[in-house]
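A short worksheet on the structure shown next.
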Amino acid sequence: MIFIDFEKPDFVLSFSGNEFELDLHVVRNLPVREFIKKRRLWIVPGLAVKTIENLRGEWSPAALNAKKTITNNLLQLVDYKFQSNGESNSKLRTYQKIGVNFLVHAKKSLLSDDMGLGKTIQAISALEEMGTQRNLILCPASLKWNWANEFKKHFNVIPTIINGSKKERAELWLSDNKYIVANYDLLSYDWNEMSQQWDAIIADEAVYLKTHSSRRTKLAKKLKSDIRIALSGLPIENNLMDFHSIMEWVRPGILPSYNRFKYRYCKFDYLGKLSGYQNLTELHLLTSPFVLRRKKEDVLTELPPKIYTDCPLELSSSARKAYNALSDDFVQWLRAQPGVTPPSSVLEKLIRMRQFVEFPSIIGFDIPSIKLGWVKELVEGVDKLVVFSYFRDSVELLKNNLKVKYVLTGDTPIEDRVNLIEKFNLEDKGILICSDAGRFGLNITGSDNIVHFGRVWNPAAMLQREDRLHRIGQKNVVKVFDPYVMETIDEGIRKVVINRKNFSEQFMNNSEEMSKVRLSKKDYELLVIG
């Protein structure tokens, strides 16, 4: 028989009787459990109560009471997703008030609203409401000044931005300011100069923590805080392991270890390649109380739609011949590699083909760019246009060929980016050329046309580009133009991105299925817990 007791914060499982092997198999099959060898006991985190609530065995009075209390608390947390706090800051929209209320009561959670719904202001409002005094905001370097602007604009607060030389940063880390804003990379550079203990930590663009083995992620998980808020519009960029790493930072202990998670929720083919997913209902059961996601179309009914236009392009005969030679060289190189070729090496080799479909001249071919010709035709029919490309050389060639004055790249000083965009927004006509340095934190609502001139493998990056335009403040239908060269790497990457995007959105939307309507606790039990 399995005996279940409770020692805060965990349930404790032990065995007695003649069915030891059977009971052991049942416990080993639980999604989240750990064997304490010294005590010869198994423990299950209290927050994973739903995975053991129907466990056959003898429950102690303490365990029964804990099961009831924790279950009620989890269901109450879910209810906060739908109940607006009327006393919240009046500058917030209704759905944002709900978000603040949820963050305040969840303490450690993932806010996964669609991009452009104001995750920043919700997170700051939650900290203000909780009254925390030592707050660390981690974000990409390009977003530090955006956070400063949000603090100043909405709360009349000037945070301390960790910037400058190592000596200057060391002094800034000593600031007694209530809010400290730093980019993720500084965790490695300034670990010995910064505090590891905070009242609250916000991880903006939490996909920066998607790789569990990276130094950045490991250091972020070492930071101590009672309150952790992760912000990400699309927390799964590549596969489900991204979500595991982020949730490990948010709520350590509610999910299985990396390897157990991998083989419990992922499926692999005979070559060891990821082929699909399984047991996702169970995964939602464990995580959905700590995840809040709203879609634009559900909460911003006044926001104009986003319309996609696919624009397939065909290479000329001379360009096709040159491209096929590049493709054949790549295939021959790939076949000649001994053993398993690292993905990073493959991606590096693919760069020449990616550059060719944008501007063949970048890699030495005297062949016109079919995409450039297409963009020039589009420019004649629109007043304002934002063009995104991945390669810096492509950005420079676009700038010269289209004769534009608004260009944003990684070389644009971070503090100048907001000013550049504000000027562009006020123009009646114009073109803005952006590398992916411009996909974070900028409001380009002065234009309603966007072109993915060069694409990346990451669906979140593509969405972030689009949602620089498609966000609060946009008055017009946003038109997304997606030119791609058929039967090339361009079309191949496009298919990968679409598949990844579809899975990520489906997974996150299923996690928040109950947010489509106002549900009672009983409805939630039937829908998610089953």
Side-chain angles (χ1 to χ4, degrees), residues 108 110-111 119-120 123-124 127 132-152 155 157-233 235 237 242 245-250 252 408-418 435-442 458 460-461 464:
K108 294 180 179 179
L110 166 63
L111 180 59
K119 292 186 289 293
T120 300
I124 298 174
L127 297 188
T132 49
Q133 294 304 306
R134 291 286 293 163
N135 305 287
L136 173 64
I137 291 93
L138 293 170
C139 62
S142 59
L143 285 186
K144 288 195 293 190
W145 301 108
N146 182 68
W147 273 90
N149 290 335
E150 292 291 299
F151 271 108
K152 178 63 178 176
F155 301 90
V157 168
I158 300 177
T160 294
I161 306 294
I162 307 298
N163 203 36
S165 67
K166 189 170 182 64
K167 182 179 178 181
E168 291 170 330
R169 297 198 307 269
E171 294 177 358
L172 290 171
W173 280 115
L174 297 175
S175 169
D176 60 358
N177 197 322
K178 185 176 178 180
Y179 295 104
I180 306 291
V181 181
N183 50 298
Y184 286 103
D185 292 337
L186 294 184
L187 292 176
S188 295
Y189 298 131
D190 296 353
W191 185 255
N192 294 325
E193 285 74 34
M194 64 181 289
S195 171
Q196 278 90 57
Q197 180 71 55
W198 302 84
D199 293 345
I201 303 175
I202 294 174
D204 191 17
E205 296 298 341
V207 288
Y208 271 61
L209 303 177
K210 68 181 180 182
T211 306
H212 86 285
S213 60
S214 72
R215 177 170 170 78
R216 170 199 298 154
T217 302
K218 289 178 178 178
L219 290 176
K221 290 176 181 177
K222 283 186 177 181
L223 295 173
K224 295 179 173 60
S225 61
D226 292 330
I227 297 165
R228 292 190 176 192
I229 299 173
L231 307 177
S232 180
E237 290 192 343
D242 298 350
S245 184
I246 293 171
M247 289 306 297
E248 262 200 335
W249 180 83
V250 174
L408 196 159
T409 70
D411 292 332
T412 308
I414 294 174
E415 56 271 24
D416 293 345
R417 295 179 186 184
V418 173
S435 70
D436 279 289
R439 69 181 172 94
F440 286 124
L442 296 173
N458 185 344
Q464 283 163 342

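All values below come from the heavy atoms of this structure, side chains included, with hydrogens, waters and symmetry mates left out.
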Item checked: Spacing of CG belonging to N458 relative to CD belonging to Q464, to within rounding of 0.5 Å -> 7.5 Å

Margin query: Rounded to the nearest 0.5 Å, what separates atom NZ in K119 from atom CD in E205?
Written below: 6.5 Å

Notebook entry, point to check: Do I137 and P159 come close enough that some side-chain heavy atom pair is under 4.5 Å?
Noted result: no

Notebook entry, point to check: Do the side chain of K144 and the main chain of V181 share a donor and acceptor less than 3.5 angstrom apart?
Noted result: no

Notebook entry, point to check: If you count the non-hydrogen atoms of other residues, nucleotides and ligands that lie under 6.0 Å from NZ in K167, is the total more than 12?
Noted result: no

Margin query: Looking at T409, is its backbone amide N or carbonyl O close enough to the side chain of T412 to form a donor-acceptor pair, meaning the two atoms are under 3.5 Å apart?
Written below: yes

Margin query: Would you compute the distance between atom CG of L219 and atom NZ of K222 and round it to the nearest 0.5 angstrom?
Written below: 6.0 Å

Check: Looking only at atom types and distance, does a side-chain atom of S225 sit under 3.5 Å from a main-chain N or O of R228, one as donor and one as acceptor?
Finding: no

Next item on the list: Examine distances only and state if a side-chain atom of R216 and a backbone atom of Y208 form a donor-acceptor pair shorter than 3.5 Å.
Entry: yes

Check: CZ of F151 to CD1 of I161: how many Å apart, nearest 0.5 Å?
Finding: 8.0 Å

Margin query: Could you measure the distance from the CG atom of L172 to the CD1 atom of I162? Nearest 0.5 Å is fine.
Written below: 5.0 Å

Note to self: Keeping R417 on the side-chain end and L408 on the backbone end, is there a donor-acceptor pair under 3.5 Å?
What the structure shows: no

Margin query: Ignoring hydrogens, what is the shortest heavy-atom contact between L209 and Y184? Give both atom names and the distance.
Written below: CD2-CE2, 3.9 Å

Notebook entry, point to check: For the side-chain contact (heavy atoms from CB on, under 4.5 Å) test, which of L136, L138, L127, T120 pairs with I202?
Noted result: L127

Check: Quick one: are L223 and M194 in side-chain contact, heavy atoms under 4.5 Å?
Finding: yes

Margin query: I'd like to know if the side chain of T217 reaches the main chain of H212, judged simply by a donor and an acceptor atom lying under 3.5 Å from each other, with no hydrogens or angles considered.
Written below: no

Note to self: Testing the basics here: between V250 and A230, what is the closest heavy-atom pair and its distance to 0.1 Å?
What the structure shows: CG2-CB, 3.5 Å

Check: Is there a donor-acceptor contact under 3.5 Å from the side chain of R169 to the main chain of G164?
Finding: yes

Item checked: K224, NZ: over 12 other non-hydrogen atoms inside 6.0 angstrom -> no

Margin query: Please list all pairs meeting ring-ring contact (aromatic ring centres under 6.0 Å, His included) that have one or both residues in residues 187-207, counting only residues at least two apart or in different chains.
Written below: none

Next item on the list: First locate atom CG of N135, then atom OG1 of T160, and finally report the distance between them rounded to the nearest 0.5 Å.
Entry: 11.5 Å

Item checked: Sub-4.5 Å side-chain heavy-atom contact between R134 and Q197 -> no

Next item on the list: Kindly say whether S213 contributes a backbone atom to a donor-acceptor pair with the side chain of T211 at under 3.5 angstrom?
Entry: no

